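Everything below concerns the one structure shown next.
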Amino acid sequence: MVFLKQPTKEQELSSLLQTLHEHHPLHPRHYAPIFQLLTRFRGSLSQAKQLHAHLTLRGLRPDAFLAAKMVALYSSSRDRRTATLLSRQVPCPSTLLFNALIRGHSLFASPLETLDVFRQMQSHGLPPDHFSFPFALKCCAELQFLPLGQSLHSQCLRFGLEKDVYVGSSLVNMYAKCGYMKFGAVEMAKELFDDMPKRNIVTWTAMISGYSQNGMADSALSLFEDMKREGSQVQPNWVTIVSVLPACAHSAALEQGQRIHDYATAMGMDAHPTVRIALVTMYAKCGNLVAARRCFTSILGEDDNNSKNDLVPWNAMIAAYASHGLGAEAATLFEDMIKTGVRPDSVTFTSLLSGCSHSGLVEDGLKYFDSMRTVYSVEPQAEHYACVVDLLGRAGRLDEAVGIIERMNVVEVGPSVWGSLLSACRTFRNLEYGEMAANRLFVLEPENSGNYVLLCNIYADFGKWEEVKKLRSLLKERGIRKSPGCSWTEINGKIHAFFEGDKSHPQSRQIQILLEDLDKKMKAAGYVPDTRYVLHDISEEEKECSLKTHSEKLAIAFGLLNASPGTVRVLRVTKNLRICGDCHMFAKFISNIYSQEIIIRDVNRFHHFKTGTCSCGDHW
DNA sequence: GTAGGGTTAG
């Protein structure tokens with residue numbers, strides 16, 4: 001039996017070239033299929049040039065169609081210069097030609113350069129089509145350039161292209177990516193999404209990731225459920241999974257994350273390295289370091305992929321250890337990575353240094369910081385300086401920290417650097433540096449209420465109530481409100497959230513009773529409320545009362561009430577701000593009195609409370 | 001030929 005084989009790339013090419021030689025004279029159009037074929041097979045630049053020379057030799061000038069095909073080949077071969085030159089020589093450029101040029105730029109040039117080609121197309125009076133807009137909109141999304149995106153949107157409407165699924169998905173994505181820039185942009189994305197006559201998996205994923213990336217985790221998760229309910233119309237793929245997992249990570253919704261992991265496994269999507277990386281991060285941020293490590297190991301264990309040499313899984317796992325305050329483990333993993341032959345990048349060092357700082361490994365951290373440039377040729381950036389300032393600051397070495405800041409001449413001293421210094425000043429009661437850092441921060445990020453609170457804390461510590469008052473009126477003047485403390489915990493896959501002083505929960509009464517009882521037990525065991533964490537200039541009793549309503553205490557009490565002993569091994573609580581010192585002490589006591597392991601994720605890191613101690617070693 | 005994705009600091 002004879003099998004008919006598909007012609008190979010070479011066979012197909014040589015037969016086309018044969019045709020070229022046999023036919024004289026030729027029309028430029030005869031060349032078009034060859035250029036097209038070369039583009040499809042990712043032909044080399046030298047082949048393109050040979051063919052081009054062939055054409056010139058015969059005195060043939062490419063028409064708009066052939067030029068478009070040639071431009072496409074040059075563009076996809078990274079030769080943007082020739083592509084641009086060629087496009088300028090064409091007497092009557094077409095939309096097709098410019099689309100080819102735009103595509104090439106979108107592959108190898110910056111978004112701004114790509115947008116410039118789009119602009120040139122329009123200045124030639126050529127109407128962009130359903131191929132041009134997705135490219136241009138993607139650039140706006142990458143640049144978070146909402147005004148241009150909106151203008152492109154209105155053009156899409158004018159050309160009647162908004163119903164096209166590619167254009168529509170691009171618009172949804174553009175608005176979602178600009179959500180950070182302008183209030184209401186994500187809502188606009190959702191409106192467009194709802195109005196689209198046809199949605200495919202890319203449209204759904206764009207909207208889900210839009211929610212995820214804008215911190216709207218609940219919306220992301222519920223949209224993912226909506227999509228599954230749509231049935232066979234759309235099938236989630238690995239990109240969808242990767243887009244929804246950060247939403248679980250954000251909410252610390254471990255059970256939901258596990259369900260999505262199971263789902264991905266059932267659908268055969270868990271083998272994808274990118275999915276596994278997202279899983280590492282999801283498990284780590286949900287407080288399950290063991291599962292995170294398991295996923296990480298499974299990535300390295302794969303024989304048939306190259307992800308062993310991929311930096312990102314290592315970075316993800318190093319970051320996981322770092323956020324859990326396991327600096328030594330992060331450092332060991334870093335050394336393993338180097339032994340494997342993977343080169344670290346700036347993200348690696350950010351995580352590694354923060355890991356050292358969270359575990360008090362000052363000397364190791366300084367050593368790694370030094371090695372960045374000298375050994376690994378990675379230039380330190382503001383975030384690395386912030387970590388080093390934090391490293392020294394947490395160790396109380398404030399003068400050295402300030403010295404580091406003073407010596408930062410190439411890198412701009414950003415808010416994170418001053419922020420590190422300010423929190424160290426709060427811990428070690430340093431008024432001079434604290435005021436210095438805070439005053440910089442009030443200019444650099446005037447909206448961040450946390451900075452005002454920290455300086456207030458320092459003033460309160462020194463009994464400077466006049467200054468506290470002044471700062472309060474400044475806050476009022478600027479219309480800044482202290483972000484309310486919020487803590488939440490997941491019980492049976494449902495998230496229960498509590499705000500500071502919250503009494504709205506159905507179990508609020510029981511929570512209060514339990515907290516009163518705990519208070520008595522703890523005082524009997526020697527607990528003294530640390531009222532330094534209350535800002536107000538009020539009596540000690542009132543301060544104590546104010547501490548009792550902190551959101552993390554409410555969430556812990558709720559967890560204790562609903563977690564029947566033996567069934568819930570670990571109580572996991574997440575807080576939107578930094579945990580206060582009094583609540584930290586409270587959690588340590590509870591972990592001892594109730595023999596209950598508690599893991600609290602605050603805005604910076606994890607705290608594992610077990611038998612009266614915390615993994616951070618009171619070093620946060 | 002066009003659209004969606006993973007890792008980072010106070």
Side-chain angles (χ1 to χ4, degrees), chain A residues 36 39-40 68-69 72 75-76 96 99-100 102-104 106-107 129-138 141 164-174 176-177 200-210 212-213 237-246 249 272-282 284 299 307 310-320 322-323 345-355 357-358 381-391 393-394 414-424 426 437 441 445 448 450-451 454 578 603-605:
Chain A
Q36 204 167 351
T39 310
R40 188 147 44 94
K69 299 297 169 193
S75 286
S76 56
L96 184 77
N99 281 349
I102 292 172
R103 176 170 175 267
S106 78
L107 287 171
D129 64 4
H130 63 293
F131 286 113
S132 336
F133 278 112
F135 285 122
L137 287 165
K138 187 181 184 158
D164 180 82
V165 70
Y166 281 85
V167 174
S169 304
S170 306
L171 282 168
V172 167
N173 183 53
M174 185 276 295
K177 288 287 181 308
N200 62 20
I201 185 59
V202 179
T203 326
W204 281 92
T205 308
M207 195 61 233
I208 292 171
S209 80
S212 272
Q213 289 168 3
N237 56 25
W238 68 268
V239 186
T240 321
I241 302 298
V242 160
S243 304
V244 74
L245 284 173
H272 201 289
T274 310
V275 172
R276 295 200 183 172
I277 295 162
L279 283 169
V280 169
T281 305
M282 183 276 291
I299 299 173
S307 42
D310 185 2
L311 175 62
V312 181
W314 293 93
N315 280 356
M317 196 63 221
I318 291 172
S323 67
D345 70 353
S346 97
V347 175
T348 320
F349 282 104
T350 312
S351 305
L352 179 61
L353 292 173
S354 94
S357 129
H358 287 314
Q381 293 158 3
E383 54 266 41
H384 304 108
Y385 283 100
C387 289
V388 175
V389 168
D390 189 54
L391 190 73
R394 284 174 201 273
S416 55
V417 178
W418 292 118
S420 294
L421 184 65
L422 181 59
S423 19
R426 196 260 169 274
L441 285 166
E445 38 178 39
N448 186 340
N451 299 325
L454 280 171
R578 215 176 87 151
V603 70
N604 290 332
R605 59 168 296 162

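Just so it is clear, the structure is predicted and the values come from calculations on it, not from any experiment. Atom set for the values below is all heavy atoms of this structure, side chains included, hydrogens, waters and symmetry mates excluded. Proteins get letters first, then strands, A, B, ... in listed order; numbering begins at 1 in each.
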How would you give the extent of chain A contacts on DNA chain B, as first and last nucleotide 5' to 3' within a 4.0 Å heavy-atom cut-off? B/dG1 to B/dG10

Is A/A319 touching bases, backbone alone, or none of the nucleic acid, heavy atoms closer than 4.0 Å? sugar-phosphate

Side chain to side chain donor-acceptor pair (under 3.5 Å) between A/S357 and A/R394: does it pass, once the steps are laid out? CA-CA 7 Å; A/S357 129; A/R394 284 174 201 273; 3.2 Å; yes

What does A/L454 touch in the nucleic acid at a heavy-atom separation under 4.0 angstrom: a base, only the sugar-phosphate, or nothing? nothing

Can you find a heavy atom in the side chain of A/V165 that is under 4.5 Å from one in the side chain of A/V202? no

Identify, with sequence neighbours excluded, every residue that meets ring pair (Phe, Tyr, Trp, His ring centres under 6.0 Å) alongside A/F133. A/F118

Applying side-chain hydrogen bond (donor to acceptor under 3.5 Å, both in side chains) to A/N173 and not counting sequence neighbours gives A/K177

Are A/T240 and A/I201 close enough, and set up right, to give a side-chain contact (heavy atoms from CB on, under 4.5 Å), and what steps lead you there? CA-CA 8 Å; A/T240 321; A/I201 185 59; 3.5 Å; yes

Using a 4.0 Å heavy-atom cut-off, does A/L245 contact any base of the nucleic acid, only the sugar-phosphate backbone, or nothing at all? nothing

With sugar-phosphate meaning primed atoms plus P, OP1 and OP2, does A/D164 contact a base, only sugar-phosphate, or nothing at under 4.0 Å between heavy atoms? nothing

Sugar-phosphate only, base, or nothing, as touched by A/N99 at under 4.0 Å among non-hydrogen atoms: base

For a quick check of understanding: with a heavy-atom distance under 4.0 Å over all strands, which category does A/Q213 fall into, base, sugar-phosphate or nothing? sugar-phosphate

Just to be sure I understand the rule, does A/W238 reach a base, reach only the sugar-phosphate, or reach nothing, if contact means heavy atoms closer than 4.0 Å? base

Need one value for A/T240: base, sugar-phosphate or nothing, where a base atom within 4.0 Å counts as base even if backbone is also close, heavy atoms only. base

Please work out if A/N200 contacts a base, only the sugar-phosphate, or nothing of the nucleic acid, heavy-atom cut-off 4.0 Å. base

Over all strands shown, is A/L96 touching base, sugar-phosphate only, or nothing at heavy-atom distances under 4.0 angstrom? base

Base, sugar-phosphate, or nothing: which does A/Y166 touch, judged by heavy atoms less than 4.0 Å apart? base

Base, sugar-phosphate, or nothing: which does A/V202 touch, judged by heavy atoms less than 4.0 Å apart? base

When we call it a touch if two heavy atoms are under 4.0 Å apart, what does A/S170 touch: a base, just sugar-phosphate, or nothing? sugar-phosphate

Once the angle between the rings of A/F349 and A/H384 is folded into 0 to 90°, is it parallel (under 30°), tilted (30 to 60°) or perpendicular (over 60°)? perpendicular

